[in-house]
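A note on names: the letters A, B, ... follow the listed sequences, proteins ahead of strands, and every chain is numbered from 1. Computed from a prediction, not measured in an experiment: that's the story for all the values here.
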Protein chains: 2
Amino acid sequence: MGAPTYELFYWPSIQGRGELVRLALEAAGAPYIDVARLPRQGGGGVAAMLALMNDGAAGALPFAPPFLRVGRLVLAQTANILFYLGPRLGLAPKAEAGRLVANQLQLTIADLVAEAHDTHHPVSPYEYYEDQRNEALRRAAAFGQKRLPKFLGYFERVLDRNGGRWLVGRALSYVDLSAFQVIEGLSYAFPRRMRRLGPSIPKLLALRERVAARPRLAAYLASERRVPFSEEGVFRHYPELDAKR
Amino acid sequence: MGAPTYELFYWPSIQGRGELVRLALEAAGAPYIDVARLPRQGGGGVAAMLALMNDGAAGALPFAPPFLRVGRLVLAQTANILFYLGPRLGLAPKAEAGRLVANQLQLTIADLVAEAHDTHHPVSPYEYYEDQRNEALRRAAAFGQKRLPKFLGYFERVLDRNGGRWLVGRALSYVDLSAFQVIEGLSYAFPRRMRRLGPSIPKLLALRERVAARPRLAAYLASERRVPFSEEGVFRHYPELDAKR
């Protein structure tokens with residue numbers, strides 16, 4: 001019996017939340033198909049993704065991408081997908097207590113990601129940024145001044161208490177990969193704010209380098225499989241939403 | 001060996017996210033202590049909660065309440081706590097696939113709860129509603145017109161596809177209890193909007209009645225242990241944020 005081939009379904013033009021799953025698959029060297037990025041002719045594309053989302057399979061319907069298909073199983077919600085993949089990819093503790101700690105931290109990362117998203121969409125995901133820019137200015141200021149330091153200070157402390165090298169257990173986990181991605185995204189979106197916060201989060205910044213330097217990750221990040229950051233994803237660089245200087 | 005006594009830690013004056021955990025403990029008739037609602041003299045109160053939050057124990061620090069202590073284990077993040085409790089309280093499928101479905105749905109409920117919260121706090125949780133009321137009016141309109149129907153329509157469909165009686169598997173689960181709470185909260189906060197949406201979600205409304213009629217739940221809801229809804233919790237009734245009529 002060989003390893004299963006995972007099928008990842010996510011919007012093809014952005015990193016978004018799908019990237020947190022992709023990083024785990026890439027870091028483990030797991031065989032996977034990025035279905036919505038394949039041509040429609042071969043059964044890929046956004047149409048294939050939406051068809052599965054509206055029809056489902058075993059399990060419940062996904063509310064939104066990303067979702068993962070493994071044989072007959074279809075799993076949605078990023079943290080849920082990672083909870084499933086973690087031990088199978090060697091990217092989570094195997095014992096229950098460790099898995100629960102990983103899940104707790106991953107859900108806190110999910111909260112941070114959602115709040116980062118809402119800095120540019122504080123009114124509605126269905127309206128353009130330009131049409132909610134005034135609200136975004138206020139929300140981004142509150143995020144940058146209060147929420148972001150609180151979240152990052154929290155993860156710095158968790159990392160420190162766990163020995164300083166990894167967020168959970170004694171080896172790289174999917175939580176470290178997600179933390180890497182979030183720091184990358186925040187640094188893209190809020191470069192001035194992150195430069196200012198840098199001195200208070202030395203261990204997190206070292207974790208980011210440690211993850212990026214892993215051979216599989218380094219190869220992935222340099223490849224065309226890594227979708228670039230852009231102003232269509234979760235982390236967007238609108239200079240007016242960043243710290244003043 | 002008797003059943004463990006669970007210690008729940010949550011803000012004592014609001015239902016908030018802690019209520020999703022409390023409903024599971026109550027529905028199962030599990031022995032638990034609501035630590036922050038006990039007098040300070042007996043080792044309770046908010047001070048005891050904050051002390052544990054800043055110190056932690058085995059596992060990682062909580063980022064925020066609610067959290068649960070079971071012996072040496074301290075678990076945070078509502079969906080994570082419920083994932084742990086579910087099979088132990090007889091409120092989740094025992095097989096992995098069913099647990100993952102429950103977790104997926106619970107995380108989607110968490111997303112809905114967060115969006116409901118942000119209708120009255122679209123700028124910052126650290127500022128008063130009155131100081132972000134203009135932004136709240138816009139966000140609440142978008143929520144009520146687009147997001148809420150999308151979320152509720154989704155859960156109605158999931159319920160329908162699962163036979164119409166329970167959201168996961170063939171028996172009451174913690175997901176049903178959380179769905180009950182969310183519908184209660186939404187009906188408190190947005191009575192006009194929910195009356196209008198009612199005809200499109202008959203199965204969810206029947207689920208709410210089915211849950212409320214369970215003897216342990218009915219007794220709990222009529223007791224003083226049930227904190228009332230108020231304008232300090234997640235679900236707040238500000239008539240100006242509801243549908244016009």
Starting at CD of A:Q104, measure out to CG of B:L75 and round the result to the nearest 0.5 Å.
-> 6.5 Å
Residue by residue, scan residues 164-183 of chain A and write down, ordered by number, those that have a heavy-atom distance under 4.5 Å to chain B; if none do, write 'none'.
-> none
Turns out that what part of A:N134 lies under 4.5 Å from chain B's heavy atoms comes down to neither
Given A:A64, A:A79, A:A76, A:S124, the one with more heavy-atom pairs under 4.5 angstrom with chain B than any other is A:A76
A:R139 side-chain N/O to B:P122 backbone N/O, donor-acceptor pair under 3.5 Å | yes
What residues, two or more places apart in sequence or in another chain, satisfy ring pair (Phe, Tyr, Trp, His ring centres under 6.0 Å) together with A:F83?
-> B:F83
Looking at side-chain heavy atoms only, is the closest gap between A:L107 and B:T78 below 4.5 Å?
-> no
No-hydrogen, no-angle side-chain donor-acceptor test under 3.5 Å, A:Q106 and B:N80 | no
Portion of B:D118 that has a non-hydrogen atom of chain A nearer than 4.5 angstrom | side chain
Run through B:R147, B:Q145, B:K146 and flag the one making a side-chain hydrogen bond (donor to acceptor under 3.5 Å, both in side chains) with A:Y126.
-> B:R147
For B:D131, check side chain to side chain contact (heavy atoms under 4.5 Å, CB included) against everything at least two apart and list the hits.
-> B:Y128
Nearest-0.5 Å distance, OH of residue A:Y154 to CE of residue B:M53 | 9.0 Å
Side chain, backbone, both or neither: which part of B:D111 has an atom under 4.5 Å from a heavy atom of chain A?
-> side chain
What's the spacing between B:R161 CZ and A:D55 CG if we round to 0.5 Å?
-> 6.0 Å
What part of B:L105 gets closer than 4.5 Å to chain A, counting heavy atoms only: side chain, backbone, both or neither?
-> side chain
Relative to chain A, which of B:N162, B:T108, B:V158, B:T119 shows the most heavy atom pairs under 4.5 Å?
-> B:T108
Ring centres of B:F155 and A:F63 under 6.0 Å apart?
-> no
Taking the side chain as C-beta and beyond, is there a heavy-atom pair between B:E96 and A:L73 under 4.5 Å?
-> no
Can you list the residues that meet the side chain to side chain contact (heavy atoms under 4.5 Å, CB included) rule with B:V234, with sequence neighbours excluded?
-> B:R17, B:V113, B:H117
Are the charged groups of B:E127 and A:R138 less than 4.0 angstrom apart, N to O?
-> yes
